[in-house]
Amino acid sequence: MIDVLFSAGGARWPAYAEALPAAFAAKGLKVRLHRDHDRPEAVDYLVHAPNGSVEDFSPFVNAKAVLNLWAGVEKLVGNPTLTQPLTRMVDAGLQEGMVEWVTGHVLRHHLGMDRWITDQRPLWEPVIPPLARNRRVTVLGLGALGAACAQALAALNFRVTGWSRRPKEVPGVACLSGADGLEAALVQAEICVLLLPQTPATEALLNADTLALMPRGAFLLNPGRGPLVDDDALLAALDSGRIAHATLDVFRVEPLPADHPFWAHPRVTVTPHIASETRPETASEVIAENIRRGEAGEPFLYLVDRNAGY
Ligand SMILES: NC(=O)c1ccc[n+]([C@@H]2O[C@H](COP(=O)([O-])OP(=O)(O)OC[C@H]3O[C@@H](n4cnc5c(N)ncnc54)[C@H](OP(=O)(O)O)[C@@H]3O)[C@@H](O)[C@H]2O)c1
């Protein structure tokens, strides 16, 4: 019998209490699923999420892995008590949701939809948007989410450039990497999508210098993490017209404080960290597969690289 502790928080429990046992059964895994940890030494795996019920992982001396339900692990990688292997979530449902959010907001700006939707006065001034084939979109981060979004945009004919830490190949996407690659990716970013993880290396990656590389009137979408952007530099770039509009889903402080200038800025759209969400049904299949691997002595999927921080 395998003992699994669900330490991902009470609100998530009802959905996972149904989805996890079904996924374990589909893999033929005999699992006892717990919500508390009276005997932490008996726990084989933790299904975890930040702000869940466990902060100190040291009592889980026999745990074979901590399986995170979130894609982002910035709140966990620095936890000195978490010495067990740590996996992050790559989930088909999470990916699908992110593709939809990114595609929708890219199309909003590409087509200039605000002109027709939010402007209430009679308006008969035909403004024809360019075709997607003439619009350059840059996606910073070509991981599970960035690559899926880049490919979806390429399928709509956008001219997509992607940027990652290490060289990559993504069909239909011009792939760049490294510091020179960043500059080349930004100078052509008429629409820029941030899907990088939060690490020391990505802190304020979009700052006064890098924002200045982008074409005048560019659009910025940040569904990645708030600290990727220097807020003051972005506000200055919005005020100068360098950036025409920023659609932001994630922030340095969440919920975004009521007095933050982003709320009132006419060229900022705030969405409350809803770009995408791990979906219990598909995520449970990933958790079950990783437990099957752990039990079979096979390598875990989506293991976090502690040195890289993601
Ligand atoms: N807003 C939301 O609702 C929401 C939901 C889920 C996730 N997220 C965010 O989305 C992020 C991305 O998720 P994912 O699953 O796509 O992550 P991932 O698979 O780990 O991909 C991360 C990508 O970023 C690149 N990268 C990392 N550090 C870099 C650096 N210093 N310079 C250049 N590129 C770098 C990686 O390069 P390599 O390919 O070379 O490794 C990789 O392509 C998560 O970390 C999370 O913060 C947001």
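The structure presented is a predicted model; accordingly, all values stated were derived computationally and were not measured. All ligand and atom numbering here is 1-based and tracks the order in the structure.
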Can you confirm, on distance only, whether ligand 1 has an N/O atom lying under 3.5 Å from any N/O atom belonging to [X]?
X    : result
T199 : no
L142 : yes
W163 : no
R166 : yes
A71  : no

Side chains of [X] and [Y], donor plus acceptor under 3.5 Å:
X    : Y    : value
D91  : T282 : yes
H109 : D114 : no
R35  : Y16  : no

For [X], take its heavy atoms, then give the atoms of ligand 1 lying under 4.0 Å from any of them.
X    : result
H273 : 1 (N), 2 (C), 3 (O)
L196 : 11 (C), 24 (O), 25 (C), 26 (N), 34 (N), 35 (C)
A201 : 31 (N)

E285/K27 under salt bridge (Lys or Arg N to Asp or Glu O under 4.0 Å): CA gap, chis, key distance, verdict
CA-CA 9 Å; E285 289 168 13; K27 299 261 176 215; over 6 Å; no
Could you please spell out the steps behind the salt bridge (Lys or Arg N to Asp or Glu O under 4.0 Å) verdict for E295 and K64?
CA-CA 9 Å; E295 294 305 291; K64 296 167 201 162; 2.9 Å; yes
Does a sphere of radius 6.0 Å around CD in E277 hold more than 12 heavy atoms from other residues, nucleotides or ligands, not counting ones at 6.0 Å or beyond?
no
Under the side-chain contact (heavy atoms from CB on, under 4.5 Å) test against R225, which residue among R252, H273, E203 passes?
H273
Measuring from atom 29 (C) of ligand 1, which candidate in R165, Q95, M89 has the nearest non-hydrogen atom?
R165
